[in-house]
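Model, not experiment: these values are computed from the prediction.
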Amino acid sequence: MRDPYAILGLAPGADAAAIKAAYRKLAKQHHPDAQGTEANPRAQARFQEVTAAYNLLKDDAARARYDAFGREAPRPEAAGSPFTEAAFSTGAQQDGPRDDLFSELFSGLRGAGRRVFRARGDDQTYRLSVTFIEAAQGTKRRLTLSGGKTLDVRIPAGIEDGQQIRLRGQGGEGHGGAAAGDALILVTVEPHEWFRRDGLDIHLTVPMSLPEAVLGAKIEVETVSGPVAVSIPPGSNTGLQLRLKGRGIAPEGAAEAGDQYVRLELVLPPEPDDALRDFAAGWAAGRSHDPRHEN
């Protein structure tokens, strides 16, 4: 064996503390448990060499003899010394109990190895499309996860387009006993033919006939929770907005719901109407009403 001090990277005559520190560093670097499942043969040989050098120098008496005689130190049968041939053997060849320092290091390396393979599972993202009414009122939809597993997903009332639902533990499987990842459900809300959402409020345009606009009327108006009766005031113009309190979006757990705003729009008959034309002509005679010049 070459010079044990050189093996440990020390100057000749280094003290016990320096020897112990050098061994700790080198053994941790070259121990087979730190090299993965298939140890590097060169690293393993280096580890054995470092261990043999440490076994030689850790004993004060053996180190003193080596400092005095080098490789020619007296054999135990000649001098009765505790310095034995085992000092020159590799760590793998020793049959006695391991040094406390080595045991501590070995335990630490094993623990580190276990931590390397412990990892939380991956999050997995899915897309789910719901109708405008389903998003407003809440619903349940069945979703097929990776691996073929099916799950009923509860869509909370009031969810908005682009919001995400997190299902804890429904993602990828964890490693080494770690927790599974989550399933992330990205919700897409389909646009509605009539309704438009603004925060918690709903906006809707409702057509009205000329008689309804002039005389007033009670009509049926759709809301996200079903139809309701609405009164059109006499003399209503296009653009008049009626507020239906509490008929907007009602999210789960919210103290109050939004409102629905109904915008009235005057719509004349699609076909020419002689009676209506004659009435308008007679009504306009002698009047100077000009809506484009009103304040």
Side-chain angles (χ1 to χ4, degrees), residues 1-124 146 168-182:
M1 183 178 77
R2 61 192 182 97
D3 180 17
Y5 288 106
I7 292 173
L8 297 178
L10 299 171
D15 60 17
I19 292 169
K20 184 175 182 180
Y23 171 68
R24 178 188 292 271
K25 177 182 177 181
L26 292 172
K28 185 175 182 180
Q29 179 182 351
H30 298 290
H31 193 281
D33 280 3
Q35 306 300 318
T37 55
E38 296 184 3
N40 184 324
R42 294 180 62 183
Q44 190 170 18
R46 175 69 171 142
F47 174 75
Q48 293 175 346
E49 182 183 44
V50 166
T51 301
Y54 176 67
N55 286 335
L56 169 60
L57 298 178
K58 68 179 180 179
D59 182 87
D60 292 341
R63 185 169 70 255
R65 282 183 163 76
Y66 182 85
D67 291 343
F69 300 103
R71 287 298 301 266
E72 303 304 320
R75 297 291 177 141
E77 58 270 19
S81 168
F83 177 67
T84 66
E85 185 66 26
F88 291 98
S89 65
T90 66
Q93 294 172 316
Q94 298 181 46
D95 297 326
R98 295 183 177 182
D99 179 77
D100 290 342
L101 172 62
F102 177 74
S103 299
E104 175 188 343
L105 175 65
F106 181 73
S107 298
L109 287 169
R110 292 185 60 185
R114 286 193 297 271
R115 287 193 295 274
V116 168
F117 295 101
R118 179 178 173 83
R120 179 181 177 275
D122 293 333
D123 291 340
Q124 297 173 342
S146 61
R168 300 285 183 185
Q170 298 296 334
E173 184 178 354
H175 304 282
D182 301 334

Working for side chain to side chain contact (heavy atoms under 4.5 Å, CB included), residues Asp59 and Tyr66: CA-CA 10 Å; Asp59 182 87; Tyr66 182 85; over 6 Å; no
Heavy-atom closest contact (Ala178 atom, Ala119 atom, distance): CB-O, 3.2 Å
Check: Asp182 side chain, Gly169 main-chain N or O, donor-acceptor pair, under 3.5 Å: yes
Asp123: partners by salt bridge (charged side-chain N to carboxylate O under 4.0 Å, His left out), with sequence neighbours left out: Arg120, Arg166
Qualifying residues under side-chain contact (heavy atoms from CB on, under 4.5 Å), relative to Ala16, sequence neighbours excluded: Arg63
Qualifying residues under side chain to side chain donor-acceptor pair (under 3.5 Å), relative to Gln170, sequence neighbours excluded: Lys149
side-chain contact (heavy atoms from CB on, under 4.5 Å) partners of Ala22, counting only residues at least two apart: Leu8, Leu10
Heavy-atom side-chain contact between Leu26 and Arg46 under 4.5 Å: yes
Pairs touching residues 4-13 that satisfy side-chain hydrogen bond (donor to acceptor under 3.5 Å, both in side chains), sequence neighbours left out: Tyr5-Asp67
Residue pair Ile7, Tyr54: steps toward the side chain to side chain contact (heavy atoms under 4.5 Å, CB included) verdict: CA-CA 9 Å; Ile7 292 173; Tyr54 176 67; over 6 Å; no
